[in-house]
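Input: a single structure, listed below in structure tokens.
What you are looking at is a predicted structure, and each value in this text was computed from that prediction instead of being measured. Proteins come first, then strands; the chains are lettered A, B, ... in the order of their sequence lines, and each starts at number 1.
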2 protein chains.
Amino acid sequence: MVRNRATLKDVARRAGVSYQTVSKLLNRQIRLSEETERRIWKAIEELGYTPHYNARSLRAQRSFTIGYSWPPSPPDETNPILDQFLQSMFVAAEARGYFLLMFPYHYQVDKQLAAYAELIDAGRVDGFILSSVEYNDPRIRYLQDRKFPFVAFGRSNPDWRFPCIDVDGGRGLYDVTQHLITLGHRRIAVLAWPEESRVGNNRLEGYLTALSEVGIPVDHALILRGEGRLDFGYHATHHLLSLPLPQRPTAVVALNDYMAIGAMQAAQERGLRVGEDLAISGFDDIPLARYLTPPLTSIRQPIWEIGQQVIQHLIDIIETGVPPEPRCLLVPPTLIVRASTAPNAKASALSNSPSAKEVVNR
Amino acid sequence: MVRNRATLKDVARRAGVSYQTVSKLLNRQIRLSEETERRIWKAIEELGYTPHYNARSLRAQRSFTIGYSWPPSPPDETNPILDQFLQSMFVAAEARGYFLLMFPYHYQVDKQLAAYAELIDAGRVDGFILSSVEYNDPRIRYLQDRKFPFVAFGRSNPDWRFPCIDVDGGRGLYDVTQHLITLGHRRIAVLAWPEESRVGNNRLEGYLTALSEVGIPVDHALILRGEGRLDFGYHATHHLLSLPLPQRPTAVVALNDYMAIGAMQAAQERGLRVGEDLAISGFDDIPLARYLTPPLTSIRQPIWEIGQQVIQHLIDIIETGVPPEPRCLLVPPTLIVRASTAPNAKASALSNSPSAKEVVNR
DNA sequence: AACGTTCGTGCGAACGTTCGCATTCATTGT
DNA sequence: ACAATGAATGCGAACGTTCGCACGAACGTT
């Protein structure tokens, strides 16, 4: 291992100043004569000097590091936003001189909190990003208790005040439901998540609002709850399609794309043409959605933007010491209309190939 | 921010010893009288002492941190193994007291190397994990030059010597090709990657070996190369299916699941029953594979195991200073046989629902 | 009785920064 | 002409560890 590090002292010696002067120049805490400054920069250049991270952090009591941990996805699912979210966060962090530190996610609460505590006590991180936030999330309670900086991607209890950013899933569901209503649908089923799911409830609200706005009564037989897997979408849709005709839905809104795909399979097995005989929509806009037969209408979350915001916000809190406004920032998702909710047979047939053109709302 | 850190000196004072003694006890560099040791542990416990990371690293000139960066997946694809690979790596790292540091991937070579150089010079990492390694990878050259520890997930130039672990993609393709031959197929097409693709070439070899072993001549019209996208699989398969009957393939082996899905769509559009009229297989075994209609035969990479190995190996190199054996370790993937390569019509029809049972080879 | 050995513990220094205050020197106002 | 100002730089200390060596006591050996 080649360890030829140049230190501040080396630079200073070569530039003929004291090493503290160099430090201050680098931290912009001082104004030097043009001449001296040039000499110092030259020396830095020539020696290829890079400040030593641990020394700086030790003295400054700051780590320029942000901790992040997330629950692994189950073996039969892919996390559709992970890659983009992470990439967006590094880029935002790098721009301000920070890096991300990753650590394992523990489901056991005490182990989980111990992991956060250790990183804090060891001075390894200046703040955390939380995701997959649920009701009564113990991490939020803990970090608030310790007054340690964090920003959450996702909301928690409505009466808690903490810095967070979330996709307005309710808005997404409102948009797609309204879209279906405009197409003439009146009996719209929804494949939802369990009642404990905070994200699920937020989304469901948008559906209910859209219905009530135009005076369509809510039919609770059309709201089915499950674990968000493809199987559930498949079986639930079979169930819906075997309801007596007057109650049978003409459209199915799924809270994620996997359930929507299951729904499509069920419909196709029964000989229904998706988009014409039964409209189906998803959520997440996974890459595959546009390639399905027919292409799936879905809702795209502005993940890149969220990664940027979440990091900027956290660094602001770290560097100013004060959360500017601990309210939750909601960003709207985008409805992507494709053939699975086509207005009529013709549109559906035309867009049956992978190169189908898409309609993006907003 | 509550900053009530206890330091070594606090612990030492309370236990009535010098702080260096406490340090040595924690690092197991010393044997103490039972009595003293108990007092020290008690003090540590009572004060909730956690060693300060930056101080330790500064003195020890080690960061207990591993750097990792990977190319973001294009917007119309999901990285099917990212989540599991990362999770596996943190768990392995944590077990040995390390964490992972993530940083953005730059496509421009000089920027890319600058990122690696800065992390090294700043003393932020003790080693790197590389992935998406290609021929003549500049990162490998650079790190070897600097004699800085790293382990690659993936091979590079055959004549380069560096520590690496890779999935034996050739073996995977050998297995699936042989499987198809056993089912009676003789004209087996392959949807491959561009010639510059190292991974693609490794895999293709297995296909060629399997054919030559049973004396089937290679038909170059059946080897189509493209970018690994769904569209390519779709169009290539349409092309294959319009070949004159004697040259037309009865099976299509795709180098990833997305191309396989495209192939399935093309076949179905032409009214062919996948698994009966045309066998199709993929690679990666994405979660969706088992839910397709029919379920897709694919090849599963032992990602968890690779994450573990890659980290263990790197930490061994870091801690001993010597790469034990710079050869590439190849781990075999697993062939998952499903209905898309069913031996006959009956099997195919039976396994047409999401709950179809799977056959796992090896 | 004198002499190594081992055990348990302590001490001073160093890792490479940043921070606060002190110092030098030229410039300015009166 | 002299104190007061300000600009440019230097100095010592501190951050919390780990490392190498030294030291005294207890013990068995010659």
### Task
Drop me the distance from B:Glu46's CD to B:Lys42's NZ, to the nearest 0.5 angstrom.
4.5 Å
What is the distance, rounded to the nearest whole Å, between atom [atom1] of [X] and atom [atom2] of [N]?
{"X": "A:Asn27", "N": "C:dG20", "atom1": "CG", "atom2": "P", "result": "12 Å"}
{"X": "A:Leu25", "N": "C:dT18", "atom1": "CG", "atom2": "P", "result": "11 Å"}
{"X": "B:Arg13", "N": "C:dG10", "atom1": "CZ", "atom2": "C1'", "result": "16 Å"}
{"X": "B:Leu8", "N": "C:dC11", "atom1": "CG", "atom2": "P", "result": "15 Å"}
{"X": "B:His52", "N": "C:dC15", "atom1": "NE2", "atom2": "C1'", "result": "14 Å"}
{"X": "A:Leu58", "N": "D:dA13", "atom1": "CG", "atom2": "P", "result": "18 Å"}
{"X": "B:Arg28", "N": "D:dC19", "atom1": "CZ", "atom2": "C1'", "result": "18 Å"}
{"X": "B:Gln20", "N": "D:dG16", "atom1": "CD", "atom2": "P", "result": "15 Å"}

Side-chain donor/acceptor of [X] to base of [N], under 3.5 Å:
{"X": "A:Lys24", "N": "D:dG10", "result": "yes"}
{"X": "A:Arg56", "N": "C:dT17", "result": "no"}
{"X": "A:Arg59", "N": "C:dT17", "result": "no"}

#### Entry: Nucleotide paired to C:dA26 in any strand shown, Watson-Crick or G-U, under 3.5 Å
D:dT5
### Query
What is the pairing partner of D:dT29, taking Watson-Crick or G-U wobble pairs with both distances under 3.5 Å in any strand?
C:dA2
Counting only side-chain N and O atoms of [X], is one of them less than 4.0 Å from OP1 or OP2 of [N]?
{"X": "B:Thr7", "N": "D:dG16", "result": "no"}
{"X": "B:Gln61", "N": "C:dG16", "result": "yes"}
{"X": "A:Ser18", "N": "D:dG10", "result": "yes"}

### Task
Give the ring-plane orientation class for A:Phe103 versus B:Phe99, where under 30° counts as parallel, over 60° as perpendicular and anything between as tilted.
perpendicular
### Task
Would you check if the distance from the ring center of B:Phe128 to the ring center of B:Tyr68 is below 6.0 Å?
no
### Query
Between A:Phe90 and B:Trp70, is the gap from one ring center to the other below 6.0 Å?
yes
With a 4.0 Å cut-off on heavy atoms, is [X] in touch with a base, just the backbone sugar-phosphate, or nothing at all?
{"X": "A:Ser57", "value": "nothing"}
{"X": "B:Asn54", "value": "nothing"}
{"X": "B:Tyr49", "value": "sugar-phosphate"}
{"X": "B:Ser33", "value": "sugar-phosphate"}

### Query
Within 45° of the ring axis of A:Phe162 and under 6.0 Å from its six-membered ring centre, is that where the NZ or CZ of A:Arg155 lies?
no
## Note on the structure
5'-most contact on DNA chain C (nearest-nucleotide basis), B:Glu34 vs B:Ala55, goes to B:Glu34
### Query
Which residue lies toward the 5' end of DNA chain D, A:Thr36 or A:Tyr19, if each is placed at its nearest nucleotide?
A:Thr36
### Task
Might you point out which heavy atoms bring B:Arg124 and B:Ser63 nearest each other, and give the distance in Å?
O-OG, 3.1 Å
